[in-house]
Peer 1: 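Quick one: this structure, given as structure tokens, is what I'll be asking you about.
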Amino acid sequence: MKDTKKKTTIISLFSGCGGLDLSFANLGFKILWANDFNHWACETYKKNFGDHVVEGDISEIKIDDIPESDIILGGFPCQDFSMLWKRGGINTERGNLYKYFVDIVSAKKPKMFIAENVKGILTANKGEAVKKIKEDFANVGYNVEIHKINFADYGAPQLRHRVLIIGVHNDIKRKFIMPKPLYNENNYVSSKEALKGVEKVKHNNEHQNIMPKTIEKLKLIPPGGNFTSIPKSSPHYVKGMISHVYRRLHPDKPSTTIIAGGGGGTWGYHYREHRPLTNRERARLFGYPDDFIFVGSITEVRRQIGNSVPPAGALPIAKAIQDFFTN
């Protein structure tokens with residue numbers, strides 16, 4: 001019998017390779033349209049979702065060409081709000097890209113929008129950035145709530161602290177309630193559990209060449225450690241770096257945040273083997289299924305994964321949104 005039930009529709013902005021979209025698609029939401037400016041992310045999106053992704057700068061896309069939908073999703077660029085880098089927040093061109101998100105929400109009037117960003121957005125511009133963003137969304141007709149979350153609390157095998165900005169249209173008189181965390185430090189999904197059997201996966205599982213001196217450094221770093229584990233007396237000692245440098249997984253804990261770029265030992269390293277993680281291992285630490293295939297070079301795929309939302313961690317939130325619409 002044909003299913004005639006109307007599906008909740010979505011348009012997706014700053015989609016990347018589709019990590020957030022995947023959580024909703026797996027629950028039966030219908031994604032009508034998506035956009036990103038990165039070519040390889042769009043190629044990955046097409047391979048896994050279909051041809052409804054439009055490659056291009058959002059500032060050059062006509063709003064009239066974007067369909068209306070029940071929900072708008074997106075993660076506007078976060079680098080200018082990140083704790084890792086020097087932050088300009090809303091005072092930069094890239095930091096102001098959220099305004100296109102606001103303009104599209106204003107024009108299309110979805111019932112709800114969900115915007116994802118780094119936790120640094122809460123303190124950017126001395127706290128004024130997030131205040132301004134919330135105000136702009138409120139001014140176009142939305143009740144807006146800011147949620148600081150850790151995706152590991154919702155099932156991702158990665159400690160990934162992020163902010164969700166969720167707006168519900170003023171015409172809807174019910175309040176969306178963020179689901180309670182399902183996991184904590186006593187039962188988080190561990191790296192070892194996430195990587196079980198990963199060596200059997202064919203796609204995006206290439207090993208990289210590693211320099212002998214890097215191997216010697218890794219030999220001095222225990223599981224869960226980083227460059228600070230190397231004794232100062234060692235010829236392999238390094239200093240003055242961010243905590244991601246030569247960070248090894250701990251088998252019994254979630255991964256720390258997997259980042260999108262950077263050199264100098266920021267690849268993330270296996271807990272047992274003296275080598276960088278493969279992209280498939282990184283994808284496992286986000287909760288991507290093994291049949292989700294990434295397109296592009298190793299560097300491009302690493303960037304796609306590191307910039308994405310963990311599908312495993314977003315799924316319970318997407319389910320709560322589904323229930324909100326159903327009720």
Side-chain angles (χ1 to χ4, degrees), residues 9-21 24 31-46 49-82 84-118 120-122 124-125 128-142 144 146 162-167 169 260-261 295-296 300 303-309:
T9 56
I10 287 173
I11 63 170
S12 173
L13 309 175
F14 308 102
S15 308
C17 63
L20 183 57
D21 297 27
F24 285 83
I31 304 173
L32 303 176
W33 188 92
N35 165 251
D36 201 87
F37 79 102
N38 182 276
H39 172 71
W40 293 110
C42 288
E43 289 300 307
T44 293
Y45 195 103
K46 286 178 186 177
F49 294 95
D51 293 335
H52 58 266
V53 65
V54 175
E55 181 179 337
D57 190 324
I58 195 168
S59 66
E60 298 174 359
I61 290 175
K62 295 179 181 178
I63 290 181
D64 288 345
D65 292 339
I66 302 172
E68 293 184 354
S69 66
D70 297 310
I71 300 173
I72 294 181
L73 299 178
F76 50 84
C78 63
Q79 288 86 347
D80 288 327
F81 302 114
S82 175
L84 277 178
W85 318 113
K86 183 178 179 181
R87 297 179 297 168
I90 57 173
N91 295 325
T92 68
E93 182 178 354
R94 185 167 52 182
N96 269 312
L97 283 173
Y98 85 90
K99 290 183 178 179
Y100 292 101
F101 199 125
V102 175
D103 289 345
I104 294 168
V105 166
S106 178
K108 300 302 173 182
K109 295 290 189 290
K111 297 171 185 174
M112 175 185 277
F113 71 83
I114 301 97
E116 181 264 357
N117 216 285
V118 292
I121 197 173
L122 298 176
N125 304 110
E128 291 300 312
V130 73
K131 181 179 177 182
K132 171 65 173 169
I133 292 169
K134 184 175 181 179
E135 182 180 275
D136 286 351
F137 280 117
N139 287 340
V140 298
Y142 288 81
V144 183
I146 309 293
R162 288 296 186 267
V163 168
L164 293 181
I165 304 170
I166 299 180
H169 197 279
V295 181
E300 289 291 347
R303 183 178 294 116
Q304 292 171 44
I305 296 169
N307 279 331
S308 71
V309 173

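These values consider heavy atoms only, across backbone and side chains, with no hydrogens, waters or symmetry-generated copies. All values derive from a computational prediction rather than experimental measurement.
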Peer 1: Looking only at heavy atoms, what is the nearest atom pair of Leu32 and His52, with distance?
Peer 2: O-CB, 3.5 Å
Peer 1: Go through the structure and list residues passing side-chain hydrogen bond (donor to acceptor under 3.5 Å, both in side chains) with Ser106, not counting sequence neighbours.
Peer 2: none
Peer 1: Is it the case that the side chain of Lys108 and the backbone of Ile66 share a donor-acceptor pair, with hydrogens and angles ignored and the cut-off at 3.5 Å?
Peer 2: yes
Peer 1: Could you tell me whether the side chain of Asp36 reaches within less than 4.5 Å of the side chain of Tyr45, counting heavy atoms only?
Peer 2: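 Not touching, per the 4.5 Å side-chain cut-off.
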Peer 1: Indicate yes or no: at least one non-hydrogen side-chain atom of Phe76 is less than 4.5 angstrom from one of Leu13.
Peer 2: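 Result no, sub-4.5 Å side-chain heavy-atom pair not found.
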Peer 1: Atom CD of Glu135 and atom CD of Glu128: how far apart are they, to the nearest 0.5 Å?
Peer 2: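 Reported value, rounded in 0.5 Å steps: 9.5 Å.
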Peer 1: What distance separates Ser12 OG from Asp21 CG, expressed to the nearest 0.5 Å?
Peer 2: 3.5 Å
Peer 1: List for me each residue that meets salt bridge (charged side-chain N to carboxylate O under 4.0 Å, His left out) alongside Asp70, sequence neighbours excluded, and say none if there are none.
Peer 2: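 Salt bridge (charged side-chain N to carboxylate O under 4.0 Å, His left out) check on Asp70 returns Lys6, Lys111.
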Peer 1: So do Ile165 and Tyr98 actually touch side chain to side chain, heavy atoms under 4.5 Å?
Peer 2: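 No - every pair of side-chain heavy atoms lies 4.5 Å or more apart.
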Peer 1: Kindly give the heavy-atom pair with the smallest separation between Trp40 and Gly296, and that separation in Å.
Peer 2: CE3-CA, 3.7 Å
Peer 1: Specify the closest pair of heavy atoms between Ser15 and Ala34, including all atoms of both residues, with the distance to one decimal.
Peer 2: OG-CB, 3.4 Å
Peer 1: Any side-chain heavy atom of Ile104 sitting closer than 4.5 Å to one from Ile11?
Peer 2: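 Yes. Closest side-chain heavy atoms under 4.5 Å.
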Peer 1: Kindly indicate whether the side chain of Gln304, heavy atoms from C-beta on, has any atom under 4.5 Å from the side chain of Val295.
Peer 2: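 In short, these two side chains do not touch, never coming nearer than 4.5 Å.
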Peer 1: With a 4.5 Å cut-off on side-chain heavy atoms, are Phe49 and Thr44 touching?
Peer 2: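 In short, these two side chains do not touch, never coming nearer than 4.5 Å.
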Peer 1: Which heavy atom in Ile305 sits nearest to a heavy atom in Ser308, and how many Å separate them?
Peer 2: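 Taking every non-hydrogen atom into account, O-OG, 2.7 Å.
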Peer 1: Nearest heavy-atom pair of Ala129 and Ile121: which atoms, and what distance?
Peer 2: CB-O, 4.3 Å
Peer 1: With side chain to side chain contact (heavy atoms under 4.5 Å, CB included) as the test, pick out the partner of Val102 among Val140, Ile133, Asn139.
Peer 2: Val140
Peer 1: Could you tell me which non-hydrogen atom of Asn35 sits nearest to which non-hydrogen atom of Ile61, and how far apart they are?
Peer 2: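 Closest approach of Asn35 to Ile61: ND2-CD1, 3.1 Å.
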Peer 1: Can you name the residues that form a side-chain hydrogen bond (donor to acceptor under 3.5 Å, both in side chains) with Asp103, not counting sequence neighbours?
Peer 2: none
Peer 1: Could you tell me the separation between the NE2 atom of His39 and the CD atom of Glu300, rounded to the nearest 0.5 Å?
Peer 2: 9.0 Å
Peer 1: Evaluate the ring planes of Phe101 and Phe113, with Trp represented by its six-membered ring, and classify them as parallel (under 30°), tilted (30 to 60°) or perpendicular (over 60°).
Peer 2: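 Judged by the thresholds at 30° and 60°, the geometry between Phe101 and Phe113 is perpendicular.
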Peer 1: Under a 4.5 Å cut-off applied to non-hydrogen side-chain atoms, are Lys109 and Tyr142 in contact?
Peer 2: yes
Peer 1: Distance check, rounded to the nearest 0.5 Å: Ile58 atom CD1 versus Tyr100 atom OH?
Peer 2: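 Result: 8.5 Å between the selected atoms.
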Peer 1: Taking the side chain as everything from C-beta on, heavy atoms only, tell me whether Ile114 gets closer than 4.5 Å to Ile71.
Peer 2: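 Ile114 reaches Ile71 side chain to side chain.
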Peer 1: Quick one, Arg162 with Asn117, criterion side-chain contact (heavy atoms from CB on, under 4.5 Å). Give me CA distance, side-chain angles, the key distance, then yes/no.
Peer 2: CA-CA 6 Å; Arg162 288 296 186 267; Asn117 216 285; over 6 Å; no
